[in-house]
Amino acid sequence: MLGGIHLAFKDGFVRRDTADLVNVFSIPPVPKPNNIAPAPSETGTNKGRNRKNKKVELSSPTQKEDSPATSQQSQSTKSPPTESTKSKRQEKKERKKAEWDAKCRAREDEARSLAGKEGKLKEFTEGLQRKEEEKAKRISGATQKNRTEVQQLRFAQSSLPEKKANVQTKPEPETMAGDAGSAPDAEVDFLISKKKRQRERELIGSGPAPSAKRKRKLGEPDSFPLLDNSPLIPSPKPPNPSPNPVASSPSLPQSNLPHKAQLRAQSHALLKQRELLPIWEHQHDLRQALREKNILVMLGETGSGKSTQIGQFLVSEPWVKKQRINDPRTGREVLVGGCIAITQPRRVAAVNLARRVAQEMGVHLGDDVGYAVRFDNKSSIEKTRIKFLTDGMLLQELLHDPLLKRYSAVVVDEAHERTIGTDLAMGFLRGLVYGARGGEKGLKLIVMSATIEVERMARFFEREKDMLEETVVDREGDRFMANGVDEVLEKSSSASEEEFTGCHIDSDEDKEAADGSEREVSRSTVARFQVPGRQFPIELYHAPEPVADYVDAALRTVFQIHYGEPMPGDILVFLTGQDEIEALQKLIKEYAQGMDKNVPKMCVLPLYAALPQVLQQKVFQHAPERNMRKVILATNIAETSVTVSGVRYVVDCGKVKTKRYRPRIGLESLLVTPVSKSSAMQRAGRAGREAAGKCFRLFTEENFLTLADTTVPEILRCDVSSAILTLKSRGQDDVLGFDYIDAPSRESLSKGLEQLFALGALDKTGKINAMGRKMAQLPLSPGLARVLVAAAEPKMDCLSEAIDIIAALSVENIFMTPQSEDKREEMKEAQQEFERREGDHLMLLLVVRGYDAQQSHKKLWAEKHFVNDRAMRSLIEARKQLRHYCQRLSSIPLPPPPQTITPDHGVRILKCFLKGFFHNTARLVPDGSYRTIMGSQPVGIHPSSALFGKKLEAIMYNEFLYTTKPFARLVSAIQMDWLVDASPMYLGGAEA
DNA sequence: GAGCACTGC
């Protein structure tokens, strides 16, 4: 039996090309061997997967009965509906209970023991890393790099069906003959040695590097493991040794501040690594380009080094020093410049890049190089010349300093991610570069992206002149009102297409003109630049026919890889959520038990944001045994935020959960949708970080071709009321006329405006008023910001209570979510002391107060009450910040929080919440169900609420979500007559 | 009687 499986797998993998893989994808389901150890109680059911997807078929019919995974299914279909069914069901239920209890216990134990081992593990992994560093030093970095380039050339030709066809190829005068095109295998070694010699010459310093031709490869944001691992590993060093020379840097002594000489020495040591980065040889051209033009758009691929080097290349340019300009608004002279800002979409990225660049420059973090993220600012107004910050932070600075006076240049990194933050920042920056900070002494703007969308961005920054004319003409008619988003989208996409043909930035087929050092010499206001990345080749495989159940398909593919592909090489599987991950983890573990003894073992690891930190870290550690393959089951978190080393095989289900907003009903929902092409490429790219890799797509090639090129920008998918408030508070009152890269639909914008008006943030003409300005300063959604402003009013007088509750609402769920029913019962009991008949909001307040009351045993207390300690700690941070902001907004000092909360007090708190959430209300109708007060839609109280099952006159809720049916989450009881003064403007004539 | 991807101020 075992041999049979073995052969079955082997057959599929003797030869490795797409055609064979087609067979592999369609081979019969993995048979489950008979001699599997009898399943322990926990394999008795197949919770989740079987229930959810009936199509799953994991074993052939004859083997079904042997399979613990399916025994339950066959049982239930076979047994007649006798009186024993009931007891059987009971039995099943109990078994299920036991199983989940066991699982929970196991997980808790695991977490605990891991936490204990952490110290030892760190020691161990650091030792390993030191060894690896030494090894890396021995291997010539240059050889490594050149080999990569050659492989890239070959890869790029063979894969990537998503090439743009209409690309002009430009012959290039100064290139090496054999380098450009398809190098036959025999030539490869020759090329490597040739390039190696060249590189060695370069390293000894004999003249500038001849411009090497490179090929565009899988787009992927530039991120080295040091950077990407960090969200999960707080230590400055990743525990995993990495062959990437950038990642394995000498580490600083942790104990005290390093001496200046030490810093210099380290900086010197790092210089060698920096010189190997693809961007290094282009620094002169970059500087030159920015002397000539104020805007530069750069396509920088994975590992090009753009994020770490750009600041250092520019910091000593003459235009960085402070200079006087005329502020057109006041007519007065102001002093501007002196610092380069580099924005990132994620906090960890900003912090780690700053740390790294400080090391490279040999300076203390916070002096010449610093960062600013929420809750953490390590930069100095006088000293800092390179500052990394999140895009949200840049927008925050815009609020108090509309000219961004501190900065000589702003670099927008990872622009292709198109978060609302980056999009708004780019709109504002463009306005500055062509307005108040334009001209010869103007602000420099550098936009860096990893996808071909850069060309669209270049167009966006270029079309200022046209736009101005257009806006003047269209002002009355309102361009967006009239045409809506479709026309805008259409316009931009056709623009980018024509641009591809004329632009020197090559796309995939344009091998001839791939030299980034060549700049477009034209009258364009935007300089364009391309820097190749460092990425190993990846073989792509597609499923031959559509896959009905991708969890099942992933299961088979994982085993196929495991049997057919050599070690080492870990497998990274992309799925959409925790549910799927847990289901697949269970299945793989079951089947792995039946593997032949001489087949390497597997170590299955989940990875998603909600997973406890200690368990996340396992992904970065070595497999517990030698000759063991790690199989990482991850959500989208592994696509951008986290880089796992050691991965050579990627399995991509082709789906992702995305938020969608339907403005008409004002409802946000989370849906499983197909990924975009660039997302799929990004995922595939994860297989080629350290060596050549393979990517198995669980969808057909035809399917791939129908995917959208890029992910829909966030601003087109979400509620934009918050974005509108940001715009208006920063001087852009005409939100319909703001120059978005992609404008939200007219419907979405007007819904947002309407909401803000109802909240009292805008006056009748749509201008922001005092209330709106206050709200805009708070790091909260407009609704929650409104609550805070209301709570600060003297007659309400419950500011510190409101802050506590809002802080609880703005961090991750502060309650644990136990899996087993027993645990849930236990949790209910433990939390009884917090329960209030008013509902969830006051319950949150009591939890916060309970946590506060603990002096030294906070963690224990949290554990006992099923409260998430990590969430509580970030809650405390957020509260500190909110208090700070509130104190700034009103001169009145925060009153000390009262010890008890009287019913009257509770009413006042809830009335404040109603000011921000009057639109999220429902009332009881005669049939005993709830219907929303606006729109009269049915809605039920979510089972997670303390008010679940209760019948109340009316309810208010913070969240509306649609899963199996419409649910209200975070619910409190209200009275109908409170609604009248919650938003008189909005409810004015309506019955309330 | 349900179950939520990922960020950010």
Side-chain angles (χ1 to χ4, degrees), chain A residues 47-48 51-52 100 231 343-350 372-377 389-400 414 417-425 574-583 607-611 634-642 653 655-660 668-673 675 679 711 714 717-718 722-723 725-726 729-730 775-782 784-785 810-813 815-819 821 824 828 874 877-878 881-882 884-885 940-945 948-949 959-970:
Chain A
K47 194 201 167 183
R51 192 189 57 206
K52 273 199 152 164
W100 284 102
T343 75
Q344 295 292 325
R346 278 172 291 278
R347 290 160 49 91
V348 269
V373 298
R374 189 184 185 185
F375 304 134
D376 198 0
N377 184 354
L389 69 174
T390 49
D391 40 33
M393 212 60 192
L394 187 81
L395 287 170
Q396 201 66 24
E397 290 192 4
L398 222 38
L399 191 61
H400 302 288
E414 314 286 15
E417 288 194 26
R418 303 293 308 274
T419 63
I420 291 187
T422 354
D423 270 23
L424 295 185
F574 281 101
L575 295 167
T576 67
Q578 181 178 346
D579 239 35
E580 284 170 10
I581 288 174
E582 283 174 356
L607 178 65
Y608 46 89
L611 193 73
T635 61
N636 230 14
I637 193 173
E639 194 179 304
T640 48
S641 306
V642 169
C653 76
K655 296 277 194 286
V656 67
K657 274 186 185 164
T658 47
K659 204 174 226 174
R660 282 293 156 93
E668 275 186 334
S669 52
L670 209 55
L671 296 170
V672 174
T673 52
V675 296
S679 198
T711 309
E714 201 185 352
R717 286 185 284 123
C718 297
S722 186
L725 199 58
T726 306
S729 61
R730 280 134 183 99
M775 285 164 57
Q777 300 208 13
L778 297 164
L780 296 169
S781 70
L784 289 174
S810 51
V811 298
E812 62 178 306
N813 190 2
F815 296 116
M816 305 296 252
T817 41
Q819 302 282 357
E821 266 171 61
R824 279 199 290 270
K828 248 193 173 161
S874 45
E877 262 318 312
Q881 193 195 23
L882 289 176
H884 175 78
Y885 276 109
I941 297 177
H942 196 272
S944 66
S945 168
F948 174 71
E959 245 177 63
F960 181 89
L961 61 116
Y962 194 101
T963 47
T964 50
K965 56 179 189 166
F967 280 112
R969 261 192 67 197
L970 298 158

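Proteins come first, then strands; the chains are lettered A, B, ... in the order of their sequence lines, and each starts at number 1. Worth knowing before you read on, the calculation uses all heavy atoms, side chains too, and leaves out hydrogens, waters and symmetry mates. Keep in mind that this is a model prediction, so the values were computed, not measured.
Nearest to the side-chain atoms of A/Met393 among the listed nucleotides B/dG1, B/dC6, B/dC9 stands B/dC9. For A/Phe948, the listed nucleotide lying nearest its side chain is B/dG1; candidates were B/dA5, B/dG1, B/dT7. The side chain of A/Leu670 approaches B/dA5 more closely than any other nucleotide in the set B/dG8, B/dA5, B/dA2. In the set B/dC6, B/dA5, B/dC9, B/dC6 carries the atom at the smallest distance from any side-chain atom of A/Ala609.
Between A/Asn636 atom CG and B/dT7 atom C1' there is a gap of 11 Å when expressed in whole angstrom units. Rounded to whole angstrom, the span from the CG atom of A/Leu394 across to the P atom of B/dT7 amounts to 21 Å. Counting to the nearest Å, the P atom of B/dC9 and the CD atom of A/Glu714 are 13 Å from each other. What separates CG of A/Leu961 from C1' of B/dA5 is a distance of 14 Å, to the nearest Å. To the nearest angstrom, C1' of B/dA2 lies 14 Å from CG of A/Leu970. At whole-Å resolution of the value, CG in A/Asp391 and C1' in B/dT7 are 9 Å apart. The CD-C1' distance, from A/Gln578 to B/dC6, rounds to 14 Å in whole Å. Distance CD (A/Gln344) to C1' (B/dG8): 13 Å, rounded to an integer number of Å.
Between A/Glu580 and A/Lys655 there is no salt bridge, since none of the side-chain N atoms of the basic residue sits less than 4.0 Å from a carboxylate O of the acidic one.
Taking the nucleotide of DNA chain B with the nearest heavy atom to each of A/Lys828 and A/Leu778, the more 5' of the two is matched to A/Lys828. In this structure, A/Arg717 and A/His942 both approach DNA chain B, and ranking their closest nucleotides by distance from the 5' end singles out A/His942.
When the side-chain nitrogen and oxygen atoms of A/Arg374 are compared with OP1 and OP2 of B/dT7, none of them lie within a distance under 4.0 Å.
Among the protein residues, A/Ile420 comes within range of no part of the nucleic acid, since none of its heavy atoms lies under 4.0 Å from any strand. Residue-level contact check: A/Val672 touches neither bases nor backbone, having no heavy atom under 4.0 Å from any strand. Residue A/Thr635 is in sugar-phosphate contact alone, with no base atom involved, counting any heavy-atom pair closer than 4.0 Å across all strands shown. Within 4.0 Å (heavy atoms only), A/Glu959 reaches at least one base atom of the nucleic acid. Using a 4.0 Å heavy-atom cutoff across all strands shown, A/Thr390 reaches sugar-phosphate atoms only and no base atom.
Of the candidates A/Leu671, A/Thr576, A/Asn636, A/Thr576 is the only one forming a side chain to side chain contact (heavy atoms under 4.5 Å, CB included) with A/Lys657.
Counting heavy atoms from C-beta outward, A/Leu389 and A/Glu397 have side chains that approach closer than 4.5 Å.
One N or O on the side chain of A/Glu714 and one on the backbone of A/Ile420 form a donor-acceptor pair closer than 3.5 Å.
Taking every heavy atom of both residues into account, A/Asn377 and A/Ala372 meet most closely at OD1-CB, 3.8 Å.
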